[in-house]
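The chains referred to below are lettered A, B, ... by the order of the sequence lines, with proteins before strands, and numbering in each begins at 1.
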Amino acid sequence: MSDKTYDKQHPAFFALLAALIFMAVGPIVLMFVNSFKLDVDIISGTGGLLFLPTIQNYETALCDVLWYELDHMDFCSLKFGGAFANSLVIALVSTFLTLVLGCMAAYALVRFKFMGRDTASLTTLMVRMVPPAVLLVPVFGLWNNEFCIGKTTMVGELIRDMFGGRGDICLAGTHSGIILIYVAMNLPFVIWILQSFIVQVPHSLEEAARMDGANPFQIFFLVVLPIIKPGLAAAAIFTFRIAWNEYLLASALSDRDTKTVPILIVNNMSEFNVEWGVIMATGMLLAIPPIIFTLLASRQIITGMTAGAVKG
Amino acid sequence: MKLARANRLTPYVFMAPAAVIMVIALLYPLGYMVYGSFRAWDPSQNISETEFVGLKNYITLWFDPSFRESLGVTLKFAISVVAVEMVLGVGLALLLDRNIRGMSILRTLFILPMMIAPVVVGLMWRYMYHPTVGTFNRFLKSIGLDGVDWLGQHALLSVIIADIWQWTPFIFILTLAALQSLPQSALEAAKIDGAGGWQQIWHIKLPLMMPVLIVTCLLRLIDAFKVLEVILVMTEGGPGLSTEILALRISRTATEFRELGVAAAMSNYLLMLLLLLTVAMFAFNKIQTARAARLRAAVQEED
């Protein structure tokens, strides 16, 4: 990169660049700054950057996981720590499952000719456009009434032991219920993106592995997967982003114990008197993981985005 | 060859887990929804206890003024958002398609708005639009103007602006990628023939990028119908029905009015609309591939 030469540009271009960067990042920075202000400072609005930064908002937000008592409040009403843990479990597990299932399916669609391949590929493409709102009604109905396992059966107990949840062992209200719909929702997208990466893997490599006596699974896991790592990274980030940020389906499916962070934020926003400082601190905490991913892996994200759109 | 026959089952093994999940949690629910949309369905009821009402839900909706308004708002939102974003995104990409220092930083910072939770985006903009403490009104007042009632009188416009902020970078980045993969030879040839900047854009760059642009546009349009959280947090659909897009109305019909049958029928309307767009995109892709194949064949024959 360092020996790359750059064209000389008119200064106006750099002004435009600066303005664009300011517009893109401004609101985020504003929220970041405000999350360190007391509500009094936010409302009086004295001097943009002249204020005494305080972590009180973050303390209030995280009150259920802090190890020390807070002076400024007597009762911890915001269960942010628990919601954060729920979000993390749901996002990580569903990302992992989506990736594993998605790359296997993408491989099958790209490399094999089999009966039903066209149907599978077309269906995958079609369901990609289904909005979460459309899934709301059936998922609510099914997860509450039909996808239930008798309390006494072995599978039912196993699920309850693994993921928690209380009462009936219906999918609604459990982590696994939310994970299931997230995996299903993200699979078409992941398959779509990964297909365009798998196509680029040279056939000769797989042939060589086959000559050496590797079976299809060894070829897939030991030869193909390592090559498409960048694609996997992109797909992982996109899946994580959706599972981490989604609100609607999680709000329909979760109960008191399985609430995720977006639900918490929306619930606190709809109150009459919004506590801006605290809510911005929670928003910032929710935004930090995706921001970190973006800064670390922007190249992969951009590749994934273009691969998904251009290859159709 | 023997190995290939023995492994005939392999693709199915690879495909099966994903297929099972998608059938259980995507296709079956969709079928369930279509079935439920023909029934008078209350959340407390099991679907087998509900009464079959035929097309009643669909007909009620069709003549329901608030559904029509909500459909109108959705279309207005989706179309204006995509139109502005396409113009801005493509314009910026054409303008910034230069070899400048800092381009990669710009791209990185540009994808931030897309990666942040819609709920948080709504939260940020709701703060900035706030009538008294919000950034915009404070700025307007500091230069001596009257504040604007952003989320009141101009709610739809404000929501559109927030979406443009969030998603213009998507189009910018895809267009930039397309621009940078254009065949250099065509551009060189145009330069030698003395084509100016605008002529290059109009006659070479835009036509060559058209396939990508159309796919991008349709993708964005499909996504614009999915927007929900940003609007929910900013306005909750109000004031009145002025920003109540279909997705929001579905969720309200299901949770507040407790009419799952009607909500299912509404979901079906939305789904049909999106299906139309997807089929359009699919057909376009097919035509494009066929044309590319034909062109390639023609070139080979000439050789």
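- A donor-acceptor pair under 3.5 Å links the side-chain atoms of Glu229(B) to the main chain of Tyr247(A), judged by distance alone.
- If you measure heavy-atom distances from Ile301(A) to chain B, the contacts under 4.5 Å come from the side chain alone.
- Of the two parts of Ile291(A), the backbone and the side chain both hold a non-hydrogen atom closer than 4.5 Å to a non-hydrogen atom of chain B.
- Contact check for Met114(B) versus Pro169(B): side-chain heavy atoms found under the 4.5 Å cut-off.
- For a residue to count as touching a neighbouring chain, one of its non-hydrogen atoms must lie under 4.5 Å from one of that chain's; by this rule Met31(A) touches chain B with the side chain only.
- Within the 4.5 Å cutoff, no side-chain heavy atoms of Ile161(B) are placed close to those of Trp165(B).
- You'll find the side chain of Leu271(B) stays beyond 4.5 Å of the side chain of Val34(B), heavy atoms only.
- In this structure, the portion of Leu96(B) lying under 4.5 Å from any heavy atom of chain A is its side chain and not its backbone.
- Looking at Leu97(A), there are no atoms closer than 4.5 Å to chain B (heavy atoms on both sides), in backbone or side chain.
- Interface residue Leu16(A): only side-chain heavy atoms are found under 4.5 Å from chain B.
- There is no contact between Arg117(A) and chain B, counting heavy-atom distances below 4.5 Å.
- The shortest side-chain heavy-atom distance between Ile111(B) and Ser298(A) falls under the 4.5 Å cut-off.
- Atom CZ of Phe257(B) sits in a crowded spot, with more than 12 heavy atoms from other residues, nucleotides or ligands closer than 6.0 Å.
- Note: Trp276(A) leads Phe140(A), Phe293(A), Trp276(A) in heavy-atom pairs under 4.5 Å with chain B.
- Neither the backbone nor the side chain of Met284(A) comes within contact range of chain B; no heavy atoms are under 4.5 Å apart.
- Only the side chain of Leu286(A) comes within contact range of chain B, with heavy atoms under 4.5 Å apart.
- Contact of Phe220(A) with chain B is made through the side chain alone, with heavy-atom distances under 4.5 Å.
- Interface remark: Ile116(B) contributes backbone and side-chain atoms alike to the contact with chain A (heavy atom separation under 4.5 Å).
- Two residues are said to be in side-chain contact when any heavy atoms from C-beta on lie closer than 4.5 Å; Leu248(A) and Ser251(B) meet this criterion.
- Using a 4.5 Å cut-off between heavy atoms, Leu295(A) contacts chain B through both its backbone and its side chain.
- Contact tally against chain B (heavy-atom pairs below 4.5 Å) for Asn34(A), Leu135(A), Thr98(A): the top residue is Asn34(A).
- Heavy atoms of Tyr107(A) lying under 4.5 Å from chain B belong exclusively to its side chain.
- Taking the side chain as every heavy atom from C-beta outward, Leu219(B) and Arg128(A) approach each other to under 4.5 Å.
- In this structure, the portions of Ile21(B) lying under 4.5 Å from any heavy atom of chain A include both its backbone and its side chain.
- Residue contact with chain B, scored on non-hydrogen atoms closer than 4.5 Å, involves the backbone and the side chain of Thr124(A) alike.
- Both the backbone and the side chain of Ile24(B) come within contact range of chain A, each with at least one heavy atom under 4.5 Å from a heavy atom of that chain.
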